[in-house]
Every structure is written in structure tokens, then in C-alpha cells.
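For reference, the structure discussed in these notes is given below.
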Amino acid sequence: MKKLINIDLLPNFERDDEELIEKILKGYEDLRAQREVELELRKYFPQGEILFFGSAREALTFFLSILKRIDNRQEVLTQAFSCLVVPNAIKFANLRPVFVDIGDDFNFDLEDLKSKVGYNSLALIIQNTFGIPAKLEEILRLAKEKNIFVIENLTHALGARYEGNYLGNFGDATLLSFNRNKVISSIIGGALIIRNDFLKKDCLENYKSLNEWSDWEVKGLLLGTKILLKLKKYYHLKVTKGAIRFLRFLEITPEMVTSEEKQGIKPKNYLRKFPDKLFPLLLNQLKKLEKFNNQRKKIAQIYINSNLLNFSFQGEPNFLRFPVFSQLRKEILEDFKKDNIYLGDWYRCVLAPCSNNLKIFDYQEKSCPQAEKISQTVFNLPTLISEEEAYLVLEKLKKWLK
Ligand SMILES: Cc1ncc(COP(=O)(O)O)c(C=O)c1O
């Protein structure tokens with residue numbers, strides 16, 4: 001059977017990560033790992049207080065809850081063409097998401113953003129979708145003018161730059177994700193970098209009271225991941241997919257978005273600190289960040305050279321995924337699966353995963369027409385693959401995108 005290419009299934013895990021998982025399962029601990037992770041992150045974010053969470057969505061709720069305490073404005077500007085965990089995170093902080101349409105760079109459309117800013121706008125979240133920097137200069141200018149807090153979402157874009165500087169060094173706070181299909185991964189995890197000095201003290205004080213993951217939960221996560229990594233080799237078999245579903249049912253390899261979250265319900269145990277035991281895994285991945293991102297850049301360039309660039313961008317993107325469009329998306333994704341290649345479908349709906357009741361997330365249908373239109377035809381190519389694999393993907397794609 002052909003080698004599996006799967007954009008979603010633990011794409012960043014290599015042999016050394018697998019060995020480390022085994023080691024941690026046998027009791028390995030490294031008390032210096034957190035400090036070393038912080039030092040690695042300082043290469044990208046020289047300033048700001050770094051706090052670690054179970055996920056980026058929790059980090060966002062945490063930060064917004066702090067803002068809510070000190071300011072009585074209620075609205076958070078966020079873009080359509082996103083993951084539904086983002087509006088959920090806003091609502092879990094008892095604030096209101098206001099959806100902004102996107103431009104042809106998959107980020108905030110500036111005109112729509114300007115029209116939606118009002119006296120009640122507390123913060124805006126810059127998404128940097130797929131690793132493409134948003135139009136930072138104009139957004140920052142508007143935020144300054146209207147005195148709105150700026151959150152840079154780097155869940156797709158860790159390592160991307162704007163005017164020579166790494167993203168994440170422009171706003172009041174920055175979000176990182178270490179979830180399974182992100183730029184780097186420690187299975188789960190996220191971080192909040194607080195750059196606004198005025199907010200640091202409150203954040204640090206409130207962080208102290210957050211709960212921790214229990215040892216058995218972390219063990220379950222590691223064990224589930226160990227099994228998943230083994231199953232990856234047999235992904236083409238029907239029985240493997242059944243086994244993966246069973247692991248999800250047992251909650252040792254949790255869904256990226258839970259059934260509760262799809263209904264706008266806050267999951268139990270939402271808002272916890274990052275587990276200490278996973279810092280060595282995070283450190284190992286961080287040390288490989290530059291290598292991963294160089295490869296992503298190389299593969300994205302191959303796609304660009306093959307005339308697949310059908311969108312605009314500014315700055316220096318770091319493509320977590322490379323977006324392409326086709327009316328035949330469904331057929332293409334199915335056809336690739338026959339060759340054991342699983343392409344991505346971010347974002348097949350304005351708020352993904354698809355829900356037939358977007359009102360749960362305060363989204364009014366037709367309020368962001370461009371996002372709705374783009375979500376009907378977009379799909380994504382992997383970037384953390386070998387050059388040989390990229391040419392294989394291109395060869396197969398050629399017959400569809402003529
Ligand atoms: C744009 C965006 N922001 C935030 C998140 C949340 O990241 P995490 O999975 O770490 O909570 C996601 C998750 O996919 C995302 O796509």
C-alpha cells in the first residue's frame with residue numbers, strides 16, 4: 001500500500017517524538033523542560049509573559065475573561081471562515097462575537113472590519129489563516145485609533161513574519177496552539193503571551209488558581225497517541241478507522257472539537273494549565289520548528305511555482321496548509337483517498353466543523369458572504385511532506401484543476 005499522507009493525523013510526529021512518548025509513559029520527567037521551552041519561544045517572542053494552557057481556545061477564554069473584568073465593552077471582532085471553538089471561547093468569557101467577512105487573503109476584510117467596529121468593541125482577533133499574515137498595519141492602526149485590544153492568533157502562523165518581524169510581536173496578546181494538527185504539537189496544548197504590561201499582573205494572579213491535568217489523563221493521552229501512531233501505518237484498512245473511532249469514544253484520543261463544543265456547550269474541565277509531563281515533548285517539537293517551517297516554505301514554493309497561487313498575501317507566510325479551490329472538491333478529496341492521501345478541508349463551512357445551527361455561535365447567515373462563498377470550494381494541500389510527495393500530489397491534482 002502507498003505511504004499515507006494525512007494532513008490531520010499527527011503530521012508533525014517523527015520517530016524521536018514517538019520514542020519520547022514511550023519514555024514519558026515509563027515515568028520520564030524533566031523538570032527543566034518548561035524553562036527550556038520558554039527559552040526556545042523567546043527566539044520568536046522576546047517580550048511578554050508566557051502562560052501555558054491545555055489549548056489555544058482556553059488561553060483565549062482566559063485572556064478575554066481578564067479583559068472583561070477591567071473594561072465593560074462587550075464585543076469581540078473575529079472573522080468568519082474559522083473554527084467554531086473561537087466564537088465559543090469568546091462566549092465562554094461572557095462576551096459577544098461579532099463576525100467580520102474575509103478578503104482574498106482569508107483574513108479580515110478591512111472595509112467590513114471598519115464597518116463593524118463600534119463603541120462596544122473590546123478586542124479583535126487577527127487570525128492569520130493558514131499561516132498567511134493579515135493586513136497588520138491597517139488593522140493595528142484602526143485598533144489604536146479606536147482603543148481596541150489586539151489578539152494575534154498564531155495557531156496557524158507560528159514562524160510567519162510581517163515586515164521582517166515574527167508575528168506575535170505586534171498586539172496586546174498572542175495565542176499559540178500545540179494541538180495535534182498545528183505548526184508544532186505536544187498532542188494538546190496552547191500558550192498565551194501577554195505583551196500588554198498593564199494586564200500581566202491580573203493574568204499571572206488568575207493563572208495560579210487554574211486546575212491541572214491529572215496524571216492518569218495525561219497517561220491516557222500519551223497511550224492513545226502511541227496507538228494512533230502505530231495505526232497510521234494501517235490507515236488504509238477499514239478496521240483501522242473503526243479502531244480510531246473507538247479510541248475517540250474512550251476519550252483517550254479526544255476529538256479536535258467535541259460534540260459539546262459543536263453545540264456551543266463549555267466542555268467539562270475547560271480552562272486548565274498545560275500538563276507538566278508534556279513539556280519534554282513540546283521542547284522536542286520546538287527544537288524542530290525551524291526545520292519544519294523551512295520544509296513548509298519549500299513545499300509551498302513548489303505549489304506556487306506550479307501556478308496554484310489563487311489568492312493574495314502579504315508578509316512572509318508560513319503555510320500550515322496551502323489553500324486551493326475547486327467546485328469538484330468532494331470528488332477530488334475522495335479520489336485522493338484511493339491513493340492513501342488525505343487532503344484538508346479547512347474551512348468547508350464558515351464556522352467549522354459544519355453545523356446546521358450557526359445561531360448557537362451568534363453567526364447570522366449571509367452576514368459574511370465572501371467567507372460563505374470561499375468555504376464552498378476551498379480545500380488544502382499538506383506542506384509538511386517531502387518534495388517527492390508534493391510532486392505526487394501535484395500530478396494527481398493536475399487532472400482535476402485543468
Ligand atoms: C483559527 C483557529 N484559532 C484557534 C484554534 C484553537 O486552537 P486549539 O485547538 O489549540 O484550541 C483553532 C483550532 O483549530 C483555529 O483553527
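This one's a predicted model, so the numbers in the text were calculated from it and none came from an experiment. Start at 1 and go down the list; that is how both ligands and their atoms are numbered.
Among all non-hydrogen protein atoms, the one lying nearest atom 11 (O) of ligand 1 is Arg57 NE, 2.7 Å. Counting protein heavy atoms only, atom 10 (O) of ligand 1 is closest to Ser177 OG, 2.7 Å. Summary of contacts: the protein heavy atom closest to atom 14 (O) of ligand 1 is Lys182 NZ, 3.0 Å. With hydrogens left out, the protein atom closest to atom 2 (C) of ligand 1 is Thr155 OG1, 3.3 Å, a heavy atom. Of all protein heavy atoms, the one lying nearest to atom 6 (C) of ligand 1 is Val85 CG2, 3.7 Å.
Of the candidates Ile188, Ile184, Thr155, Thr155 is the only one forming a side chain to side chain contact (heavy atoms under 4.5 Å, CB included) with Ser177. Tested against Asp71, the residues Lys68, Arg73, Gln74 include a single side-chain hydrogen bond (donor to acceptor under 3.5 Å, both in side chains) partner, Arg73. Each of Lys91, Lys266, Arg57 was scored for a salt bridge (Lys or Arg N to Asp or Glu O under 4.0 Å) with Glu261, with one residue passing: Arg57.
Where the criterion is an N or O separation shorter than 3.5 Å, residue side chain and backbone included, Tyr347 meets it with respect to ligand 1. Not one N or O of Met256 is nearer than 3.5 Å to an N or O of ligand 1, by distance alone. Between Asn153 and ligand 1, at least one N/O pair is under 3.5 Å apart. On a distance-only criterion, Gln127 and ligand 1 share no N/O pair closer than 3.5 Å.
Residues passing the side chain to side chain donor-acceptor pair (under 3.5 Å) test with Ser82, sequence neighbours excluded: Gln127.
When non-hydrogen atoms are compared, ligand 1 lies under 4.0 Å from the side chain of Val86 (C-beta onward) but not from its backbone. The side chain of His156, and not its backbone, has at least one atom closer than 4.0 Å to an atom of ligand 1 (non-hydrogen atoms only; side chain from C-beta on). Heavy atoms of Cys83 found under 4.0 angstrom from ligand 1 belong exclusively to the side chain.
Counting only non-hydrogen atoms, the option in Ala56, Gly190, Ala59, Ser82 that gets closest to atom 7 (O) of ligand 1 is Ala56.
Taking the six-membered ring for Trp and the full ring otherwise, Tyr235 and Tyr342 have centroids separated by under 6.0 Å.
Nearest approach of Gly164 to Arg161, heavy atoms of both residues: O-NH1, 3.4 Å.
In summary, Asp215 and Lys219 do not engage in a salt bridge, as defined by a charged side-chain N under 4.0 Å from a carboxylate O. Contact check on Glu22 versus Lys226 returns a salt bridge, with a Lys/Arg side-chain nitrogen under 4.0 Å from an Asp/Glu carboxylate oxygen.
Lys262 contributes atom NZ, which lies 12.0 Å from atom CG of Asn88 (distance to the nearest 0.5 angstrom).
Phe81 does not count as a contact of ligand 1, since none of its heavy atoms falls under 4.0 Å from the ligand.
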